[in-house]
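Predicted model, so just to flag it, every value in this text is computed and none were measured. The basis for the numbers below is simple: all heavy atoms, side chains too, and nothing from hydrogens, waters or symmetry mates.
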Amino acid sequence: MATVTTTASRSFAVPAQWRSRLGYIALLTVLGYLVVLPMIRLQSLAFADGARGYRAQYTRFDIGETIRTTISLAFGSLVIAMVLGTLLAFAASRLPDRLGFLRIIPILPIVMPAVANIVGWAFLLSPGPGYLNVLLRKLPWWSGSDTGPIDVYTVPWIIILTGFGLTSFVYLFVSAGMQNISAEHLEAAQISGSSTVGVFFRVVLPLLRPSLIYGGGIALLLGLGQFTGPLLLGQNYGVQVLTTEMYRRVSESPSDFAAAAAAGSPLVIFGLVLVLIQKGLLGNQSRFVTHGGKAFSQPAGRSLWATATIVGYALFALVIPLLGLVVVSLTPYWSGALSWDLLTLDNFRTLAADNAIVESVLTSVSTSLAAVLICVPLGYLMATLLVRGRQFKVLALLADLMTALPLGIPAVIFGVGFLLTYTEPPLILYGTRTVIILVYIVLMLPYATRMQMTAMLSLGNTYSEASATSGASPLVTNLRVMLPLMRPTILSAVALMFILLTHEFAASLLVRASTTQVMGTLLFDLWQNGSYPLVAAMALLMTAVTTAGVAVAMLVGGRNVLNKL
């Protein structure tokens, strides 16, 4: 009888390979529901009733201007970000050793929320009361004017500020590529008589091709999906891009989800095409490898121009807009006139006494942390499938597409998709923290997966194979070997995701309810109401919360956490 029982149990045992396969299928099914279903529902709605959504959106008299503005914003900001990001990365590689700490400065603007940066520049460059405009009007060239000379609410300035905001992302990719360029190549070019400029154009840029393609692709996608700058600054003159058009269609009464979905379709298609083109251009990246083993050495620099470049960027990208926020937050009202007698802390006291604002901070922090805690293991599983799942080629391909999709599609489109999906059965989650966490998980999935996948690729198979040879199970190998080795990368991913989520504005604005607000959406409400000193104080509070989160990550993971982004 015992023999029969043993035989029966063995016959129903699931092979280890199939257990892994079924586990990945279940995981991809859940991710498909989160990532793909909202997009399918949006497109099916746009094509319903004889493509009524497309007719409503693309027969408008001003749609041509909206598309032109979207393209101008994307490519204009791309050029600015690529030039500045590449220049800053090259400058960082030429810094003297004693000033090596300056390499982190181009990353710091990421810590400042985009919405805070935008309103900071608005306080400085608004044509009437903007503080920098007031100073410029004291110069003889503009002394007779009551407004200007700069108008931050125009398309060119929206493009410039967006480009400054995207520069840090380009810097991250290009500086990582710079670290892989051996000093031998640079020294050989200099010995041959090339100047610093010649070395940059003839040696550095060709070797940076993979980083430039990837960083440029990300910057272009982010530029196409820009929402904060056009929404906050463009409304004065009716400037519209496709993302703000989607928000307008959903927020108007009655809401038109079909037209909103149609407005976002070009962004979805272009994002997917760009990701495929990007992979094709990179091709075999091994031909760009320029060093190996002990022969590699980082280039050392002694250039004064490098220090001046980085400090100048910090001044314009970080210090000046922060000063604008500080000044307005310490005054009872925003005007071009300043006086020591006007300075007060009443705006910060108002924030502390307002339960809605305190609740928004708690909601931002709790939903961001919950999403990060879920995203890290999800990203680890996806990265494992992509790196080591050669026997699951179809599943790996699906995982690659699913994790890349949120990177190629603007956050506002996912916000509209989640608003449509979770205001109807079977899951009605609108107005809850749960729906905010779910949309945050989708938005951060690419970062959690790609950063951990890069770490796995760099570690290779040696450690996992040695652990398996010693008799350790896959679970023990991951917990005791791989995770400790990947700890710096995981903490960097946690820091980056927390920064991006506490800043998140576009998707949050669409899925929030009046009773469930995050910091960015509450700041937008204050901006709409004209409570500008409270807007400044709220923007500084958002920056402080993000900085505190990064500080905790640095305490746990070391001071190099940001450098590993």
Side-chain angles (χ1 to χ4, degrees), residues 18-48 53 225 246 250 257-258 260-261 264-265 267-269 271-272 275 367-368 370-386 389 392-450 452-453 497 500-501 504 506-508 510-513 516:
W18 271 101
R19 286 200 299 269
S20 299
R21 190 187 302 272
L22 292 174
Y24 282 126
I25 289 174
L27 180 59
L28 290 176
T29 301
V30 174
L31 292 181
Y33 184 86
L34 289 175
V35 177
V36 180
L37 180 63
M39 300 297 100
I40 293 176
R41 296 202 64 177
L42 279 179
Q43 288 307 307
S44 62
L45 189 61
F47 280 105
M246 291 186 68
V250 172
F257 282 97
S265 292
L267 301 179
V268 174
I269 295 171
L272 294 175
V275 169
T367 53
S368 298
V372 168
L373 290 175
I374 296 171
C375 257
V376 169
L378 275 180
Y380 187 87
L381 292 173
M382 290 293 97
T384 303
L385 175 59
L386 293 174
F392 311 130
K393 291 183 179 180
V394 175
L395 296 180
L397 177 61
L398 291 175
D400 195 13
L401 293 175
M402 255 181 230
T403 55
L405 196 63
L407 199 58
I409 297 177
V412 66
I413 296 180
F414 277 104
V416 175
F418 270 63
L419 180 61
L420 174 64
T421 302
Y422 294 107
T423 52
E424 299 177 357
L427 293 176
I428 301 177
L429 301 175
Y430 175 71
T432 65
R433 290 187 180 184
T434 302
V435 73
I436 296 177
I437 294 172
L438 290 179
V439 75
Y440 282 1
I441 291 171
V442 170
L443 295 178
M444 291 301 106
L445 186 61
Y447 299 97
T449 301
R450 301 299 166 182
Q452 294 183 86
M453 184 177 72
M497 289 189 289
L500 295 177
L501 289 179
E504 212 294 313
S508 303
L510 288 157
V511 300
R512 60 91 181 250
T516 310

Check the pair Thr432, Thr516 against side-chain contact (heavy atoms from CB on, under 4.5 Å), reporting the backbone distance first and the verdict last.
CA-CA 6 Å; Thr432 65; Thr516 310; 5.8 Å; no
What salt bridge (Lys or Arg N to Asp or Glu O under 4.0 Å) pairs are there with at least one residue in residues 428-446, not counting sequence neighbours?
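Checked against salt bridge (Lys or Arg N to Asp or Glu O under 4.0 Å) - neighbours excluded - the pairs reaching residues 428-446 are Glu359-Arg433.
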Should [X] and [Y] count as side-chain neighbours, where that means a heavy-atom distance under 4.5 Å?
{"X": "Leu501", "Y": "Thr367", "result": "no"}
{"X": "Val376", "Y": "Met497", "result": "yes"}
{"X": "Phe418", "Y": "Val442", "result": "yes"}

Could you pull out all donor-acceptor pairs under 3.5 Å where a side-chain atom in residues 23-33 meets a protein atom, sequence neighbours excluded?
| residue | atom | partner | partner atom | Å |
| --- | --- | --- | --- | --- |
| Thr29 | OG1 | Ile25 | O | 2.7 |

Nearest 0.5 Å please: distance from the [atom1] atom of [X] over to the [atom2] atom of [Y].
{"X": "Tyr422", "Y": "Thr434", "atom1": "OH", "atom2": "OG1", "answer": "10.5 Å"}
{"X": "Leu42", "Y": "Thr421", "atom1": "CG", "atom2": "OG1", "answer": "6.5 Å"}
{"X": "Arg512", "Y": "Tyr430", "atom1": "CZ", "atom2": "OH", "answer": "7.5 Å"}
{"X": "Ile269", "Y": "Gln43", "atom1": "CD1", "atom2": "CD", "answer": "7.0 Å"}
{"X": "Leu398", "Y": "Thr403", "atom1": "CG", "atom2": "OG1", "answer": "10.5 Å"}
{"X": "Leu386", "Y": "Leu397", "atom1": "CG", "atom2": "CG", "answer": "9.5 Å"}

Nearest non-hydrogen partners of [X] and [Y], listed with the distance:
{"X": "Pro406", "Y": "Met402", "result": "CD-O, 3.1 Å"}
{"X": "Gln452", "Y": "Ala383", "result": "C-CB, 4.1 Å"}
{"X": "Ala411", "Y": "Ala506", "result": "CB-CB, 4.3 Å"}

Any sub-3.5 Å donor-acceptor pair from Ser44's side-chain atoms to Arg41's backbone N or O?
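At least one qualifying donor-acceptor pair exists.
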Could you go through the side-chain contact (heavy atoms from CB on, under 4.5 Å) check for Met444 and Leu500 one step at a time?
CA-CA 8 Å; Met444 291 301 106; Leu500 295 177; 3.9 Å; yes
Can you name the side-chain contact (heavy atoms from CB on, under 4.5 Å) partners of Ile374, sequence neighbours left out?
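With sequence neighbours excluded, Ile374 shows a side-chain contact (heavy atoms from CB on, under 4.5 Å) to Leu378, Ile437, Ile441, given in chain and number order.
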May I have the step-by-step check of side-chain contact (heavy atoms from CB on, under 4.5 Å) for Met39 and Ile413, ending in yes or no?
CA-CA 8 Å; Met39 300 297 100; Ile413 296 180; 3.8 Å; yes
